[in-house]
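This report refers to the structure that appears directly beneath it.
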Amino acid sequence: AQSVTQLGSHVSVSEGALVLLRCNYSSSVPPYLFWYVQYPNQGLQLLLKYTTGATLVKGINGFEAEFKKSETSFHLTKPSAHMSDAAEYFCAVTAYSSASKIIFGSGTRLSIRP
Amino acid sequence: SAVISQKPSRDICQRGTSLTIQCQVDSQVTMMFWYRQQPGQSLTLIATANQGSEATYESGFVIDKFPISRPNLTFSTLTVSNMSPEDSSIYLCSVEIENGSSYEQYFGPGTRLTVT
């Protein structure tokens, strides 16, 4: 069985500050891990993914995430927040052997203060 | 990647009625899915839409309430039947695309349903 826990339903940072959104997962098999972003009144957009190989993955819009197996974490970061980053972010996990069923975390709403 | 469109983008419906949501993809895909996102909640998988056979439903979802069609590899519909206010949600379809040795899921823009 797999699960995802996102710590913090709402995160607020100042423009230009570091963004850190936390995600911990549980998986009995090697996981695929994803971060999706949902802008207001829009669908989901894939930010980045980890499958195998390099544990630090870079995505769109300057975001990156690091897969830490020992900590079962896949935290999302961005060095400098921009107003346009305000959105809902979802961490998700699926089984390495089958990408058919994705389990989503509860989401973290990111607000950016001017 | 894949470009996915959904119709309608939003609707307001009366309780007891049914709404059919369409999902169109710009390329042939094997796997299509339907998700529900209740207000302020995360996404929950409703079912996998199988081409040429009955959909595979997740626990808590039944065919009578959410009938699904998948007539070909680029199109699917989800019907929300006998609606109640609790069905007010965003309904999203997604497709799975093979990308090298891994897979990615792409999501449609969603259909925002309000039931009064």
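Any value given below was found using the heavy atoms of this structure, including those in side chains, with hydrogens, waters and symmetry copies removed. A note on names: the letters A, B, ... follow the listed sequences, proteins ahead of strands, and every chain is numbered from 1.
- For Q37(B), the part sitting under 4.5 Å from any heavy atom of chain A is the side chain, from C-beta outward, and nothing else.
- Follow the hydrophobic side-chain contacts under 4.5 Å out from F33(B) and you never reach V25(B); the two are in separate clusters.
- Distance check: L43(B) CG to I102(A) CD1 gives 9.5 Å after rounding to the nearest 0.5 Å.
- Annotation: maximal heavy-atom pairing with chain B below 4.5 Å, among G43(A), G107(A), A92(A), occurs at G43(A).
- In this structure, chain B has a heavy atom under 4.5 Å from the side chain of L46(A), while its backbone stays farther away.
- Side-chain heavy atoms closer than 4.5 Å link hydrophobic residues (I, L, V, M, F, W, Y) into clusters, and following such links, even through other members, never connects Y39(A) to L92(B).
- Contact detail for S42(B) and S106(A): the closest heavy-atom pair is CB-CA, 3.7 Å.
- Residue W35(A) is grouped with residue L110(A) when hydrophobic side chains (ILVMFWY) are merged at heavy-atom distances under 4.5 angstrom, including chains of intermediate members.
- Atoms OH and CD, on Y106(B) and Q45(A) in that order, are 10.5 Å from each other to the nearest 0.5 Å.
- No more than 12 heavy-atom neighbours from other residues, nucleotides or ligands sit within 6.0 angstrom of CD1 on I12(B).
- Linking Ile, Leu, Val, Met, Phe, Trp and Tyr whenever their side-chain heavy atoms come within less than 4.5 Å leaves Y89(A) and I90(B) in two separate clusters.
- Here the CD-CG distance, from Q105(B) to L44(A), works out to 10.0 Å after rounding to the nearest 0.5 Å.
- A continuous path of Ile, Leu, Val, Met, Phe, Trp and Tyr side chains, each step under 4.5 Å between heavy atoms, connects I60(A) with I112(A), placing both in one hydrophobic cluster.
- Interatomic distance, CD of Q42(A) versus OG of S9(B), reported as 12.0 Å (0.5 Å rounding).
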